[in-house]
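Below is one structure, written out as structure tokens; the observations come after it.
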Amino acid sequence: IRFREFCNLSHFSKYFVKDNKIVYFDGSFNVRDYSYSSMLKLEAKELIDIIKNRPGFYGQAILFRFIFLLAYPFMKNKDIWLVMDRKTMADDNAEHLFKYIKDKKDGIKKFFVLHNASPDFSRINQLFKGQILDCDSFKHKLYYIFTKKLISSQGSEFDLNPFLNTNHQLTAGICNLDFYFLQHGVIKDNMSSWLRKYDRNPKLIVTSTQREYESLFDEGYFYDEDVIQLLGLPRYDNLTNENVKKQIVIMPTWRNYIESGDDLLDSQYFKRFNSLINNENLINHCRDKNYAIRFKPHPELTKCLDMFDRNDFVEIDLDSRYQNI
């Protein structure tokens, strides 16, 4: 057995506790009823192994594993939810869901997670005062090891796991939350190479259209029927037709095959959108009809904007909130 990168077990973290059971690996998989003494014995083996091998960031891992061990009897029945969009951006489905759930009197401790360097941090801190965690901080990591549900518009572990850059294999077994995927758009292609059950295993995937919903039962995904729900995106609930402007917004999604500036420059994606925002017929027609054109790049595209040709009519918008557009 070799544990893959984002598995909840690893060579240094060979057990986890869930639903009052302990699952551990000692050459084969074993499941037994939870008891603190059994957990203590398994954890002692892990700590000795980590201290003996001293892999990178082992000191931090030992600290959090000790905290987990001491606090688990008191925290195992606490209901904690973490809600987040990107690490450095809000303004997506998670923010809109959190506005709805934050004041519900349901006994659940809820936090919105966002990095303090985010341009959205001040606004979010005002909105969710007392319920915000600074992403990747000690407090975030502390709540992460005890959270029951992680609810996010992002599906990438790089956006979600605060231990990822500090040798997360050392804390894999103690981070055992359920993931709920709100999505941040509408899927138009088969994404099973990235979103299949055996990589992400979300408990919920939100879809917005009938065809999108049906597509997630295509070959390659392997989800049970109750995981895929046709609910619509949370941010749609707060849209209105007030103050509608005469403008055309061009807001393309990303392409996973683009991994560098050279890839972008050679791609049809770049050539077609660069051509579109500089198309004289489109620009002249919009001028005649008093329509503005706004190009809102995907966050992955912002670092490559210098490659695009500019003109004095089309606005390249880096600042406006998606919801306002």
Aromatic contact, [X] with [Y] (centres under 6.0 Å):
X: F64; Y: F68; value: no
X: Y198; Y: F222; value: yes
X: F25; Y: Y15; value: no
X: F295; Y: F308; value: yes

Angle between ring planes, F128 versus F112, binned at 30° and 60°: parallel, tilted or perpendicular?
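Plane angle between 30° and 60°, so tilted.
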For Y236, all residues meeting side-chain contact (heavy atoms from CB on, under 4.5 Å), sequence neighbours excluded
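Expected list: V186, S208, L233, L239.
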If you draw a 6.0 Å radius around NZ in K246, do more than 12 non-hydrogen atoms from other residues or ligands fall strictly inside?
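Check passes, neighbour count above 12.
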More than 12 heavy atoms of other residues, nucleotides or ligands under 6.0 Å from NE2 of H298: is that the case?
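Yes, enclosed.
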If the threshold is 4.0 Å, N to carboxylate O, is there a salt bridge linking D79 and K148?
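K148 and D79: not salt-bridged.
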Less than 4.0 Å between a side-chain N and a carboxylate O, is that true for K102 and E95?
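A salt bridge is absent here (no side-chain N lies under 4.0 Å from a carboxylate O).
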From CG (L150) to CG (L82), nearest 0.5 Å:
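Interatomic distance, L150 CG to L82 CG, rounded to 0.5 Å: 6.0 Å.
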Compile the donor-acceptor pairs under 3.5 Å between side chains in residues 170-180 and protein atoms, sequence neighbours left out, one pair per line.
| from | atom 1 | to | atom 2 | distance (Å) |
| --- | --- | --- | --- | --- |
| T171 | OG1 | H168 | O | 3.3 |
| N176 | OD1 | N8 | ND2 | 2.6 |
| N176 | ND2 | V17 | O | 3.4 |
| D178 | OD1 | K18 | NZ | 3.0 |

Does NZ or CZ of K110 lie under 6.0 Å from the centre of the six-membered ring of F98, at an angle within 45° of the ring axis?
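Not flagged: K110 not positioned over aromatic ring of F98.
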